Amino acid sequence: MGAINTHFVPALDGVAYGLLLFVAAAGLTLLFGIGGVLNIAHGTLFALGGYLAASVSDGSWSSAFLGLAVATVGGTLCGGLLAAGTLPLADRGHLPQALLTFGLSLVGADVLTTVYGTDEHPVVIPKSVNGTVQIFGHVYPTYRLMFIVVASVLALVGTYVLGRTRAGALLRAAADDREMVGAMGYAPWRVHAALCGAAGALAGLAGGLGAPIIGPGPDTADKVLMLSMVVIVLGRPGSVLGAFGAAIAVGEIETLGVSISSNWAPYLLFGLMAVALVVRTFRGSSAVGAGAAAGAHA
Amino acid sequence: MRIPAVLLSRPVRIGVPGAALAVFLLIAPSSFDGYGISLMSKALALGVLAVSVSILAGYSGLPTMGQAAPFLVGAYTAGVMSTHGHTVGVLQLLCGTLVAAVFAAATGLVAIRTRGVAFLMTTLALGELTVTAAGEWRSLTGGTDGMYGITAIQPLPGMAALSSDRSIYWFVLTATVVVIAVVWWVLRSPVGKLLLACRDHEARMRSAGHPVTRYQWLAYVAAGALAGFGGVLMCTVNAYVSPDDGSFSNSALVLLAVVLGGAISPLGALLGAGLIVATQDWLSGPFPGHGPLLLGLMFIVAVYALPDGVAGIRFRVPKRRGGPA
């Protein structure tokens, strides 16, 4: 019981962190699995969302919602820009697209540090959720608890939209056979634009929502990109449920793992991924290959 | 990205830029100061890394974003050897190449199973994990602070230690020329043709009985060894190694160098690396702190304007379409 008591708060933090990673990685895996675009600038979009939310936040609820709206719109617009940029490259394979997004991430990082400086920008959380609550006798920040609820809802809605609605079915169909979707009367560029827009919106929203957890700063973009990559590779590219499990696992490693043994936590992340890759390799699974095949239609 | 092998078969098209580069490399040191010379050494080390990327991305059709990982392994091998008193340059090059090859042999088993974007992502993840491991393994690597004050090397046993930027440059240049010559010779042999054939007609090669996966794994190991060689040179030039040397941006920058230089041209890759170092360290002089912006714009322009690289501008051949990327 004692161990559970000590590690309850970090474990709950891990859930919050993992959910944040899931929302952040969802946009990346969507664009990667369906659109075949490896968006290196994904972390930059996350950072942009965080900066935008931080710059409008003043502690009131209206500013918090405004911040989220601005972050989402900003992410969507940048996603649209990405769509316009990558579409002409679609018939030249994946590398030019990835290079383009890397160029955009360099430019974006430079613009962000020029505008916002190199300091971290803390977000002012609305007063009514800036306190703490008691859970099973443990003190826990209210905002994180609310974040867990909101992110869970977001994850459920996203899964529902992708799995149960016509728009989601269309996107999944585009992953399998783009030309067939085109033949059904949906212009490929529209599908691509919708995809990039949705991915950008998710990144921006995650940045705005997660700003109190991973605050916007000069290192944010790289950190989020790397953790999202790990989540996607661990959870098998294109799999929503896999990404969810992987995100929670990575979140727990980054919080619970550090609180249990700060020396070993980084190895744990490394080891988990190495094991996953090796196991997958020797099982001869074609999940990763399937991701590539899905992208090959792009 | 798709450049027919015909570009390599015309000696003139390689000879003219090659001769110009050789003259520049031989004459330039006498007109540069120490900083300029060490930048050129740095460009050569990065150039070796770029050539290793061109073996994978160009010849094998495996666009890697994690080639800085074996580069880092090579650099650390050299650093660790120096701190233990093994300062013979040739020995460091051999060991660094060997260790990086072993590293690539292990990671290659995982990476080579994937293609396209999944390969990009897997190599990127492997690279990031290598950087993380390098930062954490403090007893060996000195952690994120890196290893500094690395002892100057002696090229061969019994020779004097390289004390000036100029002498280091000549050592790096000699090593680069030797290794690039070897790579060139190998790629001009049937090995290069086999790799290109596997890249363009994988199914056909498989049905002809070629173990395509094994070829590509070997290419991955060879590229890793070459990257390790470059890493040792980088350690020699900087007398400093840190996890940053293996950063993702290094991997992506050399990929840009390869794109700029034309995917299957070792010389082009070298030139591309030089162009990038020049942009990063000279051109950005008037705009301090905005080197990344210039590089980013270079990426964007290169992607749209140079589908076949700088080498492809004058030698543009009709592009075949419809093949798998």
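Computed from a prediction, not measured in an experiment: that's the story for all the values here. Residue numbers begin at 1 in each chain, while the letters A, B, ... track the order of the sequences.
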Identify the two heavy atoms, one from Val23(A) and one from Ala206(A), that lie closest to each other, and give their separation to 0.1 Å. CG1-CB, 3.7 Å

Any residue of residues 102-110 of chain A which, by heavy atoms, sits under 4.5 Å from chain B: Phe102(A), Gly103(A), Leu104(A), Leu106(A), Val107(A), Asp110(A)

Contacts of Arg138(B) meeting salt bridge (Lys or Arg N to Asp or Glu O under 4.0 Å) (sequence neighbours excluded), chain-then-number -> Glu136(B)

Considering only heavy atoms, which portion of Met298(B) lies under 4.5 Å from any heavy atom of chain A: side chain, backbone, both, or neither? neither

Tyr215(B): side chain to side chain donor-acceptor pair (under 3.5 Å) partners, not counting sequence neighbours: His210(B)

Between Leu99(A) and Val259(B) the two heavy atoms that sit nearest each other are CD1-CG2, 3.1 Å

Is Ile112(B) in contact with chain A via its backbone, its side chain, both, or neither, using a 4.5 Å heavy-atom distance? neither

Looking at residues at least two apart in the chain, or sitting in another chain, which of them share a salt bridge (Lys or Arg N to Asp or Glu O under 4.0 Å) with Glu202(B)? Arg115(B), Arg206(B)

Donor-acceptor contact below 3.5 Å, side chain Ser251(B) vs main chain Ala68(B): yes

Leu100(A), part contacting chain B, at a heavy-atom distance under 4.5 Å: both

Looking at Thr141(B) and Ala134(B), would you say the former's side chain and the latter's main chain have a donor-acceptor pair under 3.5 Å? yes

